[in-house]
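Only heavy atoms go into these numbers, but all of them, side chains included; no hydrogens, no water, no symmetry mates. A note on names: the letters A, B, ... follow the listed sequences, proteins ahead of strands, and every chain is numbered from 1.
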Number of protein chains: 2
Amino acid sequence: MVSLKDIAKACNVSPATVSKALNDQSDVSEETKALVCSVAKKMGYFPNSMARALKTNRTNNIGVLFVDEARSGLTHDYFSYVLDSFKRGAEAKGYDITFINSDKSNPNRMTYLEHCKYRGFDGALIACVDFYDPEISELVNSGLPVITIDHAFFGHSAVLSDNVRGMRDLVTFVVNNGHRRIAYIHGLPSAVTNSRLSSFYKTMDDFGISVPDEYIREAPYRDTKIAALETEKLLELDVPPTCIFYPDDFSCFGGVNVIKEKGLRIPEDISIVGYDGIRIGRHIEPQLTTLRQDTASIGLTAAEKLIDRIEHPRTTIEEQTMIEGTVFAGKTVKNLKA
Amino acid sequence: MVSLKDIAKACNVSPATVSKALNDQSDVSEETKALVCSVAKKMGYFPNSMARALKTNRTNNIGVLFVDEARSGLTHDYFSYVLDSFKRGAEAKGYDITFINSDKSNPNRMTYLEHCKYRGFDGALIACVDFYDPEISELVNSGLPVITIDHAFFGHSAVLSDNVRGMRDLVTFVVNNGHRRIAYIHGLPSAVTNSRLSSFYKTMDDFGISVPDEYIREAPYRDTKIAALETEKLLELDVPPTCIFYPDDFSCFGGVNVIKEKGLRIPEDISIVGYDGIRIGRHIEPQLTTLRQDTASIGLTAAEKLIDRIEHPRTTIEEQTMIEGTVFAGKTVKNLKA
DNA sequence: TAGAGTTACGAAAACGATTTCGTTGCATAT
DNA sequence: ATATGCAACGAAATCGTTTTCGTAACTCTA
């Protein structure tokens, strides 16, 4: 590895001058700068990020915390897209991304915060985690610039998919297609679930439609089996719904299976809607009607806000940014008015 | 941040001794070790990875190169699972993972190798890239420990999904179900495609079945549109196949759509098989018959081999490791013998 | 011509760890 | 009593940068 010293020798100046020249500081003559830069390029010089970080306390590196229950968020349709756009956004601004370890079974592991300090991350992205984990609070309140996705800690930046509006739009779409008997199999309790569920009730109420209790059921996100089970129960009701909402697109397919097994057709006999807008949903017939979350915007916004925080520390309270999704009409909702 | 010095002061010893004590070296008394360790814990000490890396030339950090054409490999069903298990394997051995920048549009970007040097990665994982990119060769031949997935550079470690055997097993399964007229829509040329295609021909030949040229078609991986188009052409042949192989599970759904549009049933009228074993394929009816690649093993093996390379540099030529997949029977292949 | 101001550069400390090479003190062998 | 060996520790250099501060040379003004 060629270092500052090597260039200094080659140019007959001091390492200090080389450093200043390369960083384009003012107290170096233009000629020297030109000389140093050309020699540096010729010798294939690249700074050593560790040495620089040691001195400047800046690593240009962002920690990413992405932990699903069993698996990591990497294989999660929604979050992998968010991470992908976050990565693009960060790279565009010269930041690298490294994962914060999540293997909780390791006996001499570090806490999330310890890991961040150890690596000297300039900031951290927190997504797809159990937000009630004390380690998360520790990290969020540590003073390190942090941004969370789909969960807001008071006084800290967050990027949120607009679930209230998303669910409202989705319900509105279905109601406008003439549906009145609408069931909702919602996900397990969480901030996201709460937003969607209350928005569901609220919107139905705004339309003057009452929701029978037996229309509201629960299934874990991305669980086709339980979604199928709950679908079955809904279909066996004396007055079954004409449309079923699912926790997400993935679990939705569990419902599809049961419906087809019973000899019912989608959407002629029963309508369904998912949530997320995962890629495969657009390539399967019938195309899934769903709320497509704007993952590109979510990830990019998170990157920009986090980096802004890092580069321009302020003292004001952080705001939350809502990212709107859009209803993807698909073909799984029948127009009852037609 | 509490440093070695702080602990040294608190313990009334030199920083050198503290370092040795924490690293469990032999020339420190047991009592001192105990004292230092307890004080370090009490003060919440954690080493500074940059300072350590600067001195030791080891970062315990692995670079990951994951570049799809337009999008990154993050959103790729197969590769995201591989990366996930790689991450687990690396974390278990105390390594972190950071992405090597892939945004080629950035004017003052570094090459992959430069980036690796800049960050001081101990090694790199290369997957899901254009292996003919000169920058990749530069990286592979730089002397940095490197492991590639699904592509073997001569003299370098690689982990390969056993496409030859996978395709053989898949063809055998289909033939054993009585099929003779088997078509194959293969992916665009690559090492992976070549392995599968030649194995397809070879296996068919072993069974004494000749393959008409018009049964062999091409479609990009994960492209439902073109797969649908090619499927249509196959179905319109005078003697259409009884079973169609697709580049992968995802593109397979493009075929499904066309088939259903034409009023044909799967598998009664036409059988189909995919490749990969993506998660959704198991949750959709009819369950997709496919070759399930062992992503867990691929990622884990890659991590272990790479880290072995890093920690035990040798001079011998590297070997390639084949990871076998398994046929997942599913329900999309009709048994013609029944 | 003396003083002030500016420009261009270098010496040296610092970041936080690791490591080499002494040095000291003590026990054991001769 | 002298030599030898070992155990336990510290001083100092080092990794590759950045940054502060000092200084030399030069220009300009009065």
Side-chain angles (χ1 to χ4, degrees), chain A residues 1-37 39-40 43-61 94 110 114-122, chain B residues 1-37 39-41 43-61 94 96 110 114-122:
Chain A
M1 281 291 300
V2 31
S3 74
L4 279 190
K5 269 187 201 166
D6 304 322
I7 300 178
K9 260 178 211 154
C11 292
N12 240 350
V13 295
S14 76
T17 304
V18 175
S19 171
K20 291 182 209 167
L22 292 176
N23 291 336
D24 202 29
Q25 300 220 5
S26 61
D27 64 340
V28 177
S29 72
E30 290 304 325
E31 310 140 52
T32 319
K33 272 184 195 172
L35 173 67
V36 167
C37 289
V39 169
M43 297 179 67
Y45 169 80
F46 256 87
N48 178 316
S49 68
M50 278 86 63
R52 173 176 289 177
L54 188 56
K55 192 66 180 119
T56 61
N57 266 322
R58 284 286 311 275
T59 55
N60 282 282
N61 201 0
M110 308 180 230
E114 283 168 349
H115 195 170
C116 288
K117 286 184 175 175
Y118 171 68
R119 283 287 177 201
F121 297 138
D122 293 335
Chain B
M1 280 292 300
V2 32
S3 75
L4 278 191
K5 268 188 202 166
D6 304 322
I7 301 179
K9 262 178 210 154
C11 293
N12 239 350
V13 295
S14 75
T17 303
V18 175
S19 170
K20 290 183 210 167
L22 292 176
N23 291 337
D24 203 28
Q25 301 220 4
S26 61
D27 65 341
V28 176
S29 72
E30 290 303 325
E31 310 140 51
T32 318
K33 272 183 196 170
L35 174 67
V36 167
C37 289
V39 169
K41 188 154 289 178
M43 299 180 65
Y45 170 79
F46 256 86
N48 178 315
S49 68
M50 277 86 63
R52 173 178 288 177
L54 189 56
K55 190 68 178 117
T56 61
N57 266 322
R58 284 284 311 277
T59 55
N60 281 284
N61 201 0
D96 283 347
M110 307 181 229
E114 283 168 349
H115 195 171
C116 288
K117 286 185 175 175
Y118 171 68
R119 283 285 178 202
F121 296 139
D122 294 333

So what does A:D6 hit on the nucleic acid, given a heavy-atom distance under 4.0 Å: a base, only sugar-phosphate, or nothing?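 A:D6: no heavy atom of the nucleic acid under 4.0 Å.
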Could you list the residues that satisfy side-chain hydrogen bond (donor to acceptor under 3.5 Å, both in side chains) with [X], not counting sequence neighbours?
X: B:D122; result: B:R58, B:T59
X: A:N61; result: none
X: B:S29; result: B:T32
X: B:K33; result: B:D24

Difference in axis direction between the ends of the helix from C:dT1-D:dA30 to C:dT30-D:dA1, five pairs, 10°: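 So the angle between the two local helix axes works out to 60°.
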Under 4.0 Å between a side-chain N/O of A:T17 and OP1 or OP2 of C:dC9, yes or no? no
Identify every side-chain donor-acceptor pair in residues 11-21 of chain B under 3.5 Å, counting partners at least two apart or on other chains, and give the distances.
{"from": "B:S14", "atom 1": "OG", "to": "B:A16", "atom 2": "N", "distance (Å)": "3.4"}
{"from": "B:S14", "atom 1": "OG", "to": "B:T17", "atom 2": "N", "distance (Å)": "3.2"}
{"from": "B:S14", "atom 1": "OG", "to": "B:T17", "atom 2": "OG1", "distance (Å)": "3.2"}
{"from": "B:K20", "atom 1": "NZ", "to": "B:D27", "atom 2": "OD2", "distance (Å)": "3.4"}

What's the shortest heavy-atom distance between A:L22 and A:C37, and which atoms?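 Here A:L22 and A:C37 meet closest at CD2-SG, 4.1 Å.
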Taking all non-hydrogen atoms of both residues into account, name the closest pair between A:V39 and A:A10 and its distance. CG1-CB, 4.0 Å
Please enumerate all protein N or O atoms sitting under 3.5 Å from an N or O of nucleotides 15-18 of chain C, with distances to 0.1 Å.
{"from": "C:dG16", "atom 1": "N2", "to": "B:A51", "atom 2": "O", "distance (Å)": "3.3"}
{"from": "C:dA17", "atom 1": "OP1", "to": "B:Y45", "atom 2": "OH", "distance (Å)": "2.7"}
{"from": "C:dA17", "atom 1": "OP1", "to": "B:N48", "atom 2": "N", "distance (Å)": "3.1"}
{"from": "C:dA17", "atom 1": "OP2", "to": "B:L4", "atom 2": "N", "distance (Å)": "2.5"}
{"from": "C:dA17", "atom 1": "O5'", "to": "B:Y45", "atom 2": "OH", "distance (Å)": "3.4"}
{"from": "C:dT18", "atom 1": "OP1", "to": "B:N23", "atom 2": "ND2", "distance (Å)": "3.3"}
{"from": "C:dT18", "atom 1": "OP1", "to": "B:R52", "atom 2": "NE", "distance (Å)": "3.1"}
{"from": "C:dT18", "atom 1": "OP1", "to": "B:R52", "atom 2": "NH2", "distance (Å)": "3.3"}
{"from": "C:dT18", "atom 1": "OP2", "to": "B:S19", "atom 2": "OG", "distance (Å)": "2.6"}

Determine which pairs satisfy salt bridge (charged side-chain N to carboxylate O under 4.0 Å, His left out) with at least one residue from residues 5-17 of chain B, sequence neighbours left out, and list them in order.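 For residues 5-17 of chain B, and leaving out neighbouring residues, there are no salt bridge (charged side-chain N to carboxylate O under 4.0 Å, His left out) pairs at all.
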Under 3.5 Å, which donor-acceptor pairs link side chains of residues 46-55 of chain B to any protein atom two or more places apart or in another chain?
{"from": "B:N48", "atom 1": "OD1", "to": "B:M50", "atom 2": "N", "distance (Å)": "2.8"}
{"from": "B:N48", "atom 1": "OD1", "to": "B:A51", "atom 2": "N", "distance (Å)": "3.0"}
{"from": "B:S49", "atom 1": "OG", "to": "A:Y118", "atom 2": "O", "distance (Å)": "2.7"}

What pairs with A:E31 under salt bridge (charged side-chain N to carboxylate O under 4.0 Å, His left out), at least two apart in sequence or on another chain?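 Salt bridge (charged side-chain N to carboxylate O under 4.0 Å, His left out) list for A:E31, sorted by chain: empty.
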What's the NZ-C1' distance between A:K33 and C:dC9, to the nearest Å? 13 Å
What are the bounds, 5' to 3', of the part of DNA chain D that sits under 4.0 Å from heavy atoms of chain B? D:dA8 to D:dG16
